[in-house]
Each structure stands twice: as structure tokens, then as C-alpha cells.
Amino acid sequence: MTLITDIRLRRILDSRGNATVEADVLTESGGFGRAAAPSGASTGEFEAIELPPNEAIANAREHAVPRLVGEVHAGDQRAVDNTLRAADGTDDFSEIGANSAVAISMATAKAAADVLGAPLYQHLGGAFRGDNFPVPLGNVIGGGEHAADATDIQEFLSAPVGAPSVADAVFANAAVHQEIHDMLIERDTPAGKGDEGAWAPSIDDAEAFEILEEATSTVADEVGFEIKFGLDVAAAEMYDEEEGGYVYSDQVRDTDEQVEYIAELVEEWDLAYVEDPLDENDFEAFADLTEKVGDQTLICGDDLFVTNVSRLEQGIEMDSANSILIKPNQIGSLTDAFDAIELAANNTYDVIVSHRSGETEDTTIAHLAVATDADFIKTGAVGGERTAKLNELIRIADDAA
Ligand SMILES: O=C(O)[C@@H](CO)OP(=O)(O)O
Ligand SMILES: [Mg+2]
């Protein structure tokens with residue numbers, strides 16, 4: 001029933017106005033799935049390779065499509081993804097492009113779900129999924145590679161950990177985003193938005209912490225549940241060996257100072273979550289920090305792990321973190337993303353499914369998070385390509401109730 005009969009690939013726009021790859025997959029019995037690849041700005045050195053969309057499409061048409069159409073069943077996701085890997089023939093999808101690969105992988109899963117008449121999260125996660133929902137981490141103030149002349153730390157994230165439902169959590173993050181807007185105007189610091197819709201004011205990190213604390217506690221009082229906050233430091237973007245460490249606007253911190261600084265921030269602000277506090281090559285410094293504060297907060301590897309099972313194995317071995325960010329396009333297929341999630345969960349790592357800074361209306365990650373019982377989802381707070389996923393989570397919760 002789910003034999004793949006056609007795959008169409010095209011260039012569409014992403015939220016930054018760049019081209020990205022969209023895939024349509026059709027099956028023998030009329031199943032249809034469509035998905036699009038997102039794209040990062042603060043990409044990890046060890047990510048699978050995104051090719052220019054034209055090239056990715058041409059190469060996937062030549063090497064992958066003929067091996068899938070009429071040959072593989074959409075319902076057999078592992079076979080689909082193994083075929084993509086075999087068609088590519090490299091470790092990092094540099095032949096057909098991780099953008100083509102992930103678009104085909106996700107569109108195939110949707111086509112299979114369509115044939116089965118099941119929501120995607122159920123097809124991916126099984127009949128008993130839909131009871132647990134991830135806590136959405138909402139990017140509300142940001143800078144780094146996502147906005148010029150703003151904070152050094154890439155993302156300040158609202159974390160409504162006490163929300164009674166995913167819908168309450170989603171609305172709380174939007175309220176924090178609005179509250180920050182009002183506070184910035186009061187402080188005479190008007191701000192535009194960065195790539196993910198977070199406010200990108202020209203303020204330093206210290207002021208961002210103060211604003212975030214006030215905004216989250218104001219909204220927490222209004223909604224009556226706890227809202228903590230967290231960070232994506234995206235420290236690999238700051239790290240410069242020649243400069244002697246992590247380059248902030250006002251100073252350079254060496255590795256020990258960076259570990260100390262982040263540990264102090266965790267204490268001072270009671271952070272719920274810290275992503276990429278250190279360079280992507282420094283499993284050891286990650287382990288030092290995790291030893292210091294890993295019992296109080298989540299230390300999450302994004303650029304460190306790049307959704308890659310072997311890098312995660314190294315992290316587990318060295319106790320480098322206690323959580324992992326999952327971005328299917330970092331590794332190129334749903335199967336690889338699932339394997340990383342499974343390994344993480346088996347080793348008591350928390351799982352955070354994540355968007356990229358360049359996004360489309362695609363909602364696959366909302367389903368992936370529910371299907372895998374992920375603890376968190378990081379997919380912005382406002383903006384159409386972000387609300388596409390947040391609203392889908394609300395719909396899934398509604399559907400599953
Ligand atoms: O660093 C990150 O976690 C992501 C998403 O927030 O950014 P980018 O997609 O630019 O890598
Ligand atoms: Mg990150």
C-alpha cells in the first residue's frame with residue numbers, strides 16, 4: 001500500500017528569504033506527504049552537509065529518487081532512510097545534500113501516515129503516544145548569529161515548566177515575548193526582531209537577564225504557574241583560539257573562566273536550561289560544567305552532538321552533558337534522529353527537539369517531539385514559521401484528548 005510511486009523536489013522560500021528544498025512523496029494507494037528542510041545560521045562544524053538547493057535537488061533526483069520510487073515502502077521508514085544513505089554514499093550526506101535527504105525522509109513519513117489515516121505523531125511513535133507533551137522553550141531575546149548589534153548570548157529562552165497544558169505553555173511564552181516588548185519601550189530601547197522572532201535590542205547580556213527575570217515573573221503571576229528561563233549560548237560561535245577563548249563584547253574569557261561564568265549564571269538566575277555553553281570540540285570543559293551544575297540545570301549539547309549517535313556516545317562516556325538537542329536536518333534523516341533520541345533516553349539524557357533559525361511552515365518537529373516523548377521543544381515564541389509548530393502542538397493535544 002505504501003509503495004512510493006513518485007517524489008517531487010522543488011525550491012521554496014524559507015523564513016529568511018533563502019531557498020530551501022521541499023519534497024512531495026506519493027504512494028501507490030494515494031498517500032501524500034510534503035515536507036521542507038530548515039536551515040541553520042549558527043551551524044555546528046560536524047553537521048551533515050546542506051548543499052545549495054539546486055544542487056541538492058539535482059543530485060537527489062539523480063541518485064536517490066530512482067532507488068526509492070517503485071522500490072521502497074513509505075511505511076518502512078528505516079528502509080527509506082537506509083536507501084537515502086546508500087544513494088548518497090558519504091557519512092555526511094554531502095552528495096545529495098542533507099537538505100534533500102531530510103525533506104524526503106520527513107515527507108515519506110507523512111505519506112505513510114496519510115495512507116494509514118493516522119496522525120504523524122502516532123505513525124512515528126505508536127498508538128500510545130499523545131499523553132505527554134514537551135515544554136516549549138520560547139526564544140524571547142536574542143542576538144549572536146541571529147541578529148546584529150544585540151546580545152552576545154544567542155538566545156534567552158522562556159521555559160514555562162509549571163504549565164498545566166501545552167497550550168497554556170505556548171500562550172505563556174507569547175505573553176513573555178509581549179511583556180518584554182512593553183518593557184523595552186518603557187526603557188526607551190526599541191528593538192527589531194532576530195531571525196527567530198526574538199527581540200534583538202542593543203543591550204548587554206546583564207540587562208537581558210534582568211528584563212527576562214522581570215518579564216517571566218510578571219507573566220507567571222498572571223497565569224499562576226512557574227516560568228523559568230534558559231539560554232542557548234551558542235558558544236562555538238564566540239570561541240576563538242587565537243583570541244584566547246570566548247569573545248564577548250567587553251572581554252575574553254578563557255575556558256576555565258567560561259565554565260565559572262556559566263556556573264555563576266545558573267546559580268544567580270536559577271536557569272532551567274543551558275545549551276552549548278562551551279565550544280563544540282570541548283567535551284572536557286562540558287564535563288567540568290556538568291559536574292558543577294548538572295544536578296541543578298540541563299546542560300544541553302547542540303553543536304556539540306549535532307544529533308549524531310557517535311558524538312553522543314562520546315558525550316555519554318565523558319559525562320559531558322545531561323541533555324541533547326535534536327535537529328533532524330543536522331543529521332539528515334528521521335531514522336538517525338530517532339536513534340539519537342533513543343540512545344539519549346536510555347542514558348537518562350533529556351531530549352529537546354528543535355527548529356532551525358531558517359524555517360518553513362513545516363510542522364514535522366511538533367509530531368516528532370510528541371512521538372518520542374521529548375521533554376522540551378525549542379521552536380520560538382511568535383512568527384508564522386514558529387507558530388506553525390506551536391499551533392500544531394495545540395492541535396495534537398486537542399486531537400489526542
Ligand atoms: O543554535 C540553535 O540552536 C539554532 C536554533 O535556535 O540556531 P541555528 O538554526 O541558526 O543553528
Ligand atoms: Mg543551539
Side-chain angles (χ1 to χ4, degrees), residues 14-18 20 36-50 98-99 102 134 136-148 150-159 173 177 193-200 229-239 246 262 271 273-282 286 298-308 311 315 321 323-332 337 340 350-360 362 364-366 368-369 374 376-383 385-386 388-390:
D14 78 6
S15 54
R16 273 194 279 256
N18 295 327
T20 189
S39 174
S42 61
T43 42
E45 193 182 326
F46 304 99
E47 291 194 22
I49 305 297
E50 177 186 320
N99 36 352
V102 82
L137 297 170
N139 188 0
V140 288
I141 302 179
E145 292 296 301
H146 293 169
T151 53
D152 289 331
I153 290 175
Q154 180 179 284
E155 299 167 25
F156 291 80
L157 301 155
S158 167
N173 282 346
H177 189 269
K193 291 179 190 167
D195 286 351
E196 297 181 356
W199 299 112
F229 54 94
L231 307 174
D232 181 0
V233 183
E237 303 294 333
M238 292 181 181
Y239 187 70
Y246 297 86
I262 301 292
L271 299 178
Y273 176 80
V274 185
E275 180 182 326
D276 280 351
L278 292 145
D279 183 59
E280 60 204 334
N281 289 296
D282 205 341
F286 258 91
L298 291 176
I299 300 296
C300 178
D302 168 17
D303 294 345
L304 180 74
F305 294 139
V306 292
T307 317
N308 181 313
R311 291 186 66 85
S323 51
I324 181 174
L325 207 73
I326 297 290
K327 294 166 165 169
N329 85 316
Q330 266 180 339
I331 193 70
D350 273 31
V351 169
I352 300 93
V353 173
S354 171
H355 66 168
R356 302 306 307 251
S357 48
E359 268 294 341
T360 69
D362 190 276
T364 308
I365 59 166
L368 177 62
F376 294 87
I377 184 168
K378 186 175 87 155
T379 187
V382 298
E385 71 283 2
R386 318 291 152 189
K389 284 85 167 159
L390 298 169

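Here, residue 1 is the first one in the sequence, and each next residue gets the next number. Values below: every heavy atom of this structure, side chains too, minus hydrogens, waters and symmetry copies. Remember, it's 1-based here, ligands and their atoms both numbered in the order they're listed.
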Checklist entry - Relative to ligand 1, is L325 under 4.0 angstrom through side chain, backbone, both or neither, heavy atoms considered? => result side chain
Item to check | Note: R356-E50 ion pair, threshold 4.0 Å (strictly below) | outcome: no
Checklist entry - In terms of residue, atom name and distance, what is the protein heavy atom nearest to atom 11 (O) of ligand 1? => result R356 NH2, 2.8 Å
Item to check | Which residue and heavy atom of the protein sit nearest atom 3 (O) of ligand 1, plus the separation | outcome: K378 NZ, 2.7 Å
Checklist entry - Between the side chain of D14 and the main-chain N/O of G17, is any donor-acceptor distance below 3.5 Å? => result yes
Next on the checklist: Can a side-chain donor-acceptor contact be found between T364 and D362 if the only test is distance below 3.5 angstrom?
Outcome noted: yes
Next on the checklist: Tell me whether D232 is salt-bridged to K378, with the criterion being a basic N under 4.0 Å from an acidic carboxylate O.
Outcome noted: yes
Checklist outcome for this item: One checks the Mg ion (ligand 2) and counts protein N, O or S atoms under 2.8 Å, reaching 3
Checklist entry - Without hydrogens or angle criteria, can the side chains of E45 and N281 be said to hold a donor-acceptor pair below 3.5 Å? => result yes
Checklist entry - Can a salt bridge be assigned to the pair E359 and K389 using a cut-off of 4.0 Å between side-chain N and carboxylate O? => result yes
Checklist entry - Do Y239 and E237 have side-chain N/O donor and acceptor atoms under 3.5 Å apart? => result no
Checklist entry - Could a heavy atom of S42 be found less than 4.0 Å from some atom of ligand 1? => result yes
Checklist entry - Does an N or O from A41, backbone or side chain, lie closer than 3.5 Å to an N or O of ligand 1? => result yes
Next on the checklist: With nothing but distance in play, are any N or O atoms of S354 less than 3.5 Å from an N or O of ligand 1?
Outcome noted: no
Checklist entry - Okay, side chain of S323, backbone of L298: is any donor-acceptor separation there less than 3.5 Å? => result no
Item to check | Check against side chain to side chain donor-acceptor pair (under 3.5 Å), Q330 and D302 | outcome: CA-CA 10 Å; Q330 266 180 339; D302 168 17; 2.8 Å; yes
Checklist entry - Can you tell me the protein heavy atom closest to atom 5 (C) of ligand 1 and the distance? => result E196 OE2, 3.1 Å
Next on the checklist: Has T151 got a side-chain atom pairing as donor or acceptor with G143's backbone, closer than 3.5 angstrom?
Outcome noted: yes
Next on the checklist: With heavy-atom distances below 4.0 Å as the criterion, list the atoms of ligand 1 near D232.
Outcome noted: 1 (O), 2 (C), 3 (O)
Checklist entry - Can you tell which part of H355 has a heavy atom less than 4.0 Å from ligand 1: side chain, backbone, both or neither? => result both
Checklist entry - Are any of the N or O atoms of D302 closer than 3.5 Å to those of ligand 1? => result yes
Checklist entry - atom 2 (C) of ligand 1: which protein heavy atom is closest, and how many Å away? => result K327 NZ, 3.1 Å
Item to check | Under 4.0 Å to a heavy atom of Q154 - the qualifying atoms of ligand 1, by number | outcome: 1 (O), 2 (C), 7 (O)
Checklist entry - What's the verdict on side chain to side chain donor-acceptor pair (under 3.5 Å) for E145 and S42, showing C-alpha distance, side-chain angles and the deciding distance? => result CA-CA 6 Å; E145 292 296 301; S42 61; over 6 Å; no
Checklist entry - Does any N or O in the side chain of W199 come within less than 3.5 Å of the main-chain N or O of H177, such that one atom is a donor and the other an acceptor? => result yes
